[in-house]
Protein chains: 2
Amino acid sequence: MNKKAERGRATREHLLEVATGLFAEHGYEDTSIEAVLQETAVSRGALYHHFGGKEVLFTAVLESLERDVTEQLIGVVERLTDPVETLRAGCLAWVRLAADPVVQRILLIDAPSVIGWERWRALEEKYALGMTKEALRLVADAGRLPAEFVDAFAHMLLAALNEMALMIARSEDSDAAIREGVAAVEELLHRLVGPGPASGAGGR
Amino acid sequence: MNKKAERGRATREHLLEVATGLFAEHGYEDTSIEAVLQETAVSRGALYHHFGGKEVLFTAVLESLERDVTEQLIGVVERLTDPVETLRAGCLAWVRLAADPVVQRILLIDAPSVIGWERWRALEEKYALGMTKEALRLVADAGRLPAEFVDAFAHMLLAALNEMALMIARSEDSDAAIREGVAAVEELLHRLVGPGPASGAGGR
DNA sequence: TCTCCTTACATACCGACTGTCGGTTCAAAA
DNA sequence: TTTTGAACCGACAGTCGGTATGTAAGGAGA
C-alpha cells in the first residue's frame, strides 16, 4: 500500500488546493462542486470518495487554513517572554495574516454561516482563540487583568482584530489603512492591558 | 388603487414574516424558496413579483430587522445626555437585543456571507455602526478619545459586542452568562473610555 | 358603461447543482 | 495465484432557483 496510498493523498491535496482557491474567490455558495471537478480534472466519484460532500470539503479547507495560520503565529510569538509584548506581537501578526483575502473570505466570512457558529467557535478555540486566551491568561497573571475577564476579553479582542483586518483589506489606500489600523489596535491594547514591558514607556 | 395595492402589501409582508422565521431557523442556505412558498401558500409568480429572487428576499428581511432593532435602540438612548453614559446604555441594550436568535442568525451570522461583507458594512453604517460612531464621536468631543480613532474603535467595539451577544446566547446558563457578559462589556468600556459621567465614580 | 392598461398573481418548465449507486481497476497482502 | 479493498468512474435521480408565458381583476379615461 504505497503507490495507491500516495496517489490518493495527492488527489486529496489537489482537491483541497483548488477548492481553497475557488471558495476564496467566489464564496461557498457560488462555488459549485462541478467547478471543483472541472478545475481538478478529478471525477465525481473520486471527490465523494475523499470528502463526504460539499460541506465536508469546505471544513477540510478551513481546518487546513487554520493550521497554516496558527503555525505562522507561533513562529512570531515563540521567542517572546513578556506577556503584554507577546499579546501585542501576536495581535498585530494576526491582523496582518487576516488581511489575506483567502483567510478573510473562508475563515472570517463564510465559516460561521456554513459550519455553524458553534462549530466555528470550537475550531477557533483550537487555534486563534485558544492562543488569545493563553496570551490574556499570562497578562492576567501579570496583574493587568482580573482573571474572570480572560475568556470574555479573548472573544471580544479577537472579534475586534478580525474586524480590523476586514476593514484594512477593504480600504482603497492599503498602506495608510495598515498604518491607521495598526495604530488603532495598539491604542486598543494599550487601553485594555496597559503599556508594554514594565521597563520601557515604549507602547505607542 | 386601494384594494389591489392593499392586497399586494399584505402578501409582501406575509412573505417577509414567514421568510424571517425560516431564515432564522434554518439559515439562508438551508431555507428553500419552495419552503417559503409552501408555508405562505403564495405562488411562485407572486413571490418573484415582489422580490427579485432569494437574495433580494433575504436582503428585505435583513433591512426590516435592522430597522426594528434601531428603533428600539433609539428609544433607549434618546433621553440620555452624557456621552459616556449614552455609549454604555446603547452598548448594553444592543447586546441584549442581539441575544435574540433571529437577529443573530440573520444579521450577525448569515448576512455578511450572503450579501457580501461590503454591502453588509454599508447597511450597518446606516444602523448600528452609525449609532456607535456617533456615540464615540461625542465621547471623543468630551476628550476621552482622540478623534482619529473614532472610526476604527467603532468598528472594533461593535464587533466585540456582537461577539459577546453570540457568546451569551450560546451559553447554557443564560442568567449567569448575561451577568458575566454585561460585566465584561462594562469593564471593556471602562478601559476604553474611562468611567461614566464626570460626577459619579459610578462606573462598574 | 365599455375599453384599455397596469398590477398582482398562477403555472409549466428549464438548466444547474448536489449527492447516490452499481460498477471497474489495480496494487499489495495472503 | 487468488483475494481484498482502497481509489476511482460516470450515469442518474431528485431538488432547487429562476424564467417565460398566461390570466384575472382593479381602476382610469372615453
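Numbers restart at 1 for each chain; the letters A, B, ... are given by sequence-line order, proteins then strands. All values derive from a computational prediction rather than experimental measurement.
Considering only residues two or more places apart in sequence or on other chains, Phe58(B) meets the ring-ring contact (aromatic ring centres under 6.0 Å, His included) condition with Phe23(B), Tyr28(B). Listed by chain and residue number, nothing satisfies the salt bridge (charged side-chain N to carboxylate O under 4.0 Å, His left out) test with Arg96(B) (two or more places apart in sequence, or in another chain). Residues passing the salt bridge (charged side-chain N to carboxylate O under 4.0 Å, His left out) test with Glu148(B), sequence neighbours excluded: none. The salt bridge (charged side-chain N to carboxylate O under 4.0 Å, His left out) search around Arg7(B) returns none, not counting sequence neighbours.
Closest approach of Val193(B) and Arg191(A) over heavy atoms only: CA-NH1, 4.4 Å.
Of the side-chain N and O atoms in His50(B), none sit less than 4.0 angstrom from OP1 or OP2 of dT7(C). Residue His49(A) has no polar side-chain atom (N or O) positioned under 4.0 Å from OP1 or OP2 of dC8(D). Under 4.0 angstrom from either OP1 or OP2 of dA8(C) there lies no side-chain N or O belonging to Thr11(B).
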Under 3.5 Å donor-acceptor pairs involving side-chain atoms of residues 59-68 of chain A, not counting sequence neighbours:
| unit_1 | atom_1 | unit_2 | atom_2 | d |
| --- | --- | --- | --- | --- |
| Thr59(A) | OG1 | Glu55(A) | O | 2.8 |
| Glu63(A) | OE2 | Lys126(A) | NZ | 2.9 |

Can you list, pair by pair, the side-chain donor-acceptor contacts under 3.5 Å of residues 159-172 of chain B, counting residues two or more places apart and other chains?
| unit_1 | atom_1 | unit_2 | atom_2 | d |
| --- | --- | --- | --- | --- |
| Asn162(B) | OD1 | Trp94(B) | NE1 | 2.8 |
| Asn162(B) | ND2 | Leu158(B) | O | 3.4 |
| Arg170(B) | NE | Glu118(A) | OE2 | 3.0 |
| Arg170(B) | NH1 | Gln104(B) | OE1 | 2.3 |
| Ser171(B) | OG | Ile168(B) | O | 2.7 |

Would you be so kind as to tabulate the donor-acceptor pairs closer than 3.5 Å made by side chains of residues 135-142 of chain B, with sequence neighbours excluded?
none

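One interatomic measurement links the two molecules: CZ of Arg7(B) to C1' of dA25(D), which rounds to 9 Å at whole-angstrom precision. Regarding Arg12(A), its CZ atom lies at a distance of 16 Å from the C1' atom of dC8(D), rounded to whole Å. We find that CD of Gln38(B) is positioned 13 Å from P of dG17(D), with the value rounded to whole Å. Between the CD atom of Glu6(A) and the P atom of dC26(C) there is a distance of 18 Å, given to the nearest Å. Following rounding to the nearest Å, Leu47(B) (CG) and dG17(D) (P) show an atom-to-atom distance of 10 Å. Computed from coordinates, the Leu15(A) CG to dA7(D) P distance equals 13 Å when rounded to whole Å. Regarding Arg9(B), its CZ atom lies at a distance of 16 Å from the C1' atom of dT7(C), rounded to whole Å.
The stretch residues 21-43 of chain B participates, sequence neighbours left out, in these salt bridge (Lys or Arg N to Asp or Glu O under 4.0 Å) pairs: Glu34(B)-Arg44(B). Identified under the side-chain hydrogen bond (donor to acceptor under 3.5 Å, both in side chains) test for residues 11-20 of chain B, with sequence neighbours left out: Arg9(B)-Glu13(B).
Residues from residues 16-25 of chain A lying near DNA chain D, meaning a heavy-atom separation below 4.0 Å, are absent.
Taking a pair as Watson-Crick or G-U wobble with both distances under 3.5 Å, DNA chain D forms stems of 3 or more consecutive pairs at C:1-30 with D:1-30.
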### Query
Tell me, for nucleotides 13-22 of chain C in 5' to 3' order, what letter each nucleotide earns: B for a base near a protein heavy atom under 4.0 Å, S for only sugar-phosphate near one, - for neither?
----SBBB--

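A side-chain donor-acceptor contact under 3.5 Å links Thr31(A) to the backbone of Leu22(A).
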